[in-house]
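All remarks here apply to the structure that follows.
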Amino acid sequence: MELYVDSANITHIRHAASLGIISGVTTNPSLLAKEDPSVDVKERILEIHALVGGHLSVEVIATDTKGMLREAHDILSWFPDAVIKIPMIPAGLSAVNELYKEEIPTNVTLVFSPTQAIAAANAGAAYVSVFMGRLDDIAMDSNAVLDEICEIWDVQGYESEIISASIRHPIHITQSAKAGADIATVPYNVLIQSLNHPLTDSGLQKFLDDYAKMQAAK
Ligand code: E4P
């Protein structure tokens, strides 16, 4: 399972990229606004693109098909390998299908159920983003939903890649990998948290202390 960082923060993305463990970045309007509501979106997106050469999903704002297509082409004029993030609404599915015919990759976002995921795959989405945390927030078992979608993918052989999104803690990453998601897009703080283990820290400290003892004995 690949890891993406789910962020619009340049410092965080730079650090995550330097670890060599991420192969893409997902953004959304909320993540961009969180950094700086007055941010120039095009500028910020191009800055992120320069940091991480791989997948970069950029979300459209329009809610009608024509508007989404217009925005998609605008984003592609910034950089041609953009992945266009489109909301899981009927007008969005039409836009995904149009872009599919033009061989432009899309990431269908705000997917919460197997039937939505199936529709997105049939429309031609290259990626389907299944939101875990937001399902848990309304007391729905996100792990079961993701499991079901991955099982359907196995049975049907859909080609769209499954991204587990709305990740809130490291267990979501493990659950995504076990379910068979292709990618987990992870907020920076969760990514860093997922690398830590108290036994790693205490183990390293012991190695360093013992090495220092040897040096002192010389
Ligand atoms: C990524 O593609 C999604 O937009 C993001 O993971 C949503 O996360 P949230 O539910 O924490 O806002």
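Fair warning: this is a prediction, and the values are worked out from it, not measured in the lab. Atoms within each ligand, like the ligands themselves, are counted from 1 in listed order.
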Handout entry: Close N or O approach (Asn28, ligand 1; < 3.5 Å)
Key = yes

Fill in the blank from the handout: atom 3 (C) of ligand 1 sits nearest the protein heavy atom Phe131 CZ, 3.4 Å

Practice task
Rounded to the nearest 0.5 Å, what's the gap from NE2 on His12 to CD on Glu35? Could you check?
Solution key: 7.5 Å

Handout entry: His172/His169 aromatic ring centres below 6.0 Å
Key = yes

Practice task
Might you point out which heavy atoms bring Glu71 and Ile61 nearest each other, and give the distance in Å?
Solution key: OE1-N, 2.8 Å

Exercise for the section: From the options Asp6, Val111, Val190, Asp137, select the one whose nearest heavy atom is closest to atom 1 (C) of ligand 1. Expected result: Asp6

Problem - Gap separating the CG atom of Leu93 from the OG1 atom of Thr65, nearest 0.5 angstrom - result: 9.0 Å

Fill in the blank from the handout: ligand 1 to Arg134, heavy atom cutoff 4.0 Å, flagged ligand atoms 7 (C), 9 (P), 10 (O), 12 (O)

Completion exercise
Here the atoms of ligand 1 under 4.0 Å from any heavy atom belonging to Lys85 are 1 (C), 2 (O), 3 (C), 4 (O)

Practice task
Return yes or no for this condition: an N or O of Ser166 is under 3.5 Å from an N or O of ligand 1.
Solution key: yes

Problem - Electrostatic pair Asp137:Arg168 at N-O distance under 4.0 angstrom - result: yes

Exercise for the section: Give a yes/no on ligand 1: does Glu59 have at least one heavy atom closer than 4.0 angstrom to it? Expected result: no

Handout entry: Crowding at CD1, Ile171 (>12 non-hydrogen neighbours, <6.0 Å)
Key = no

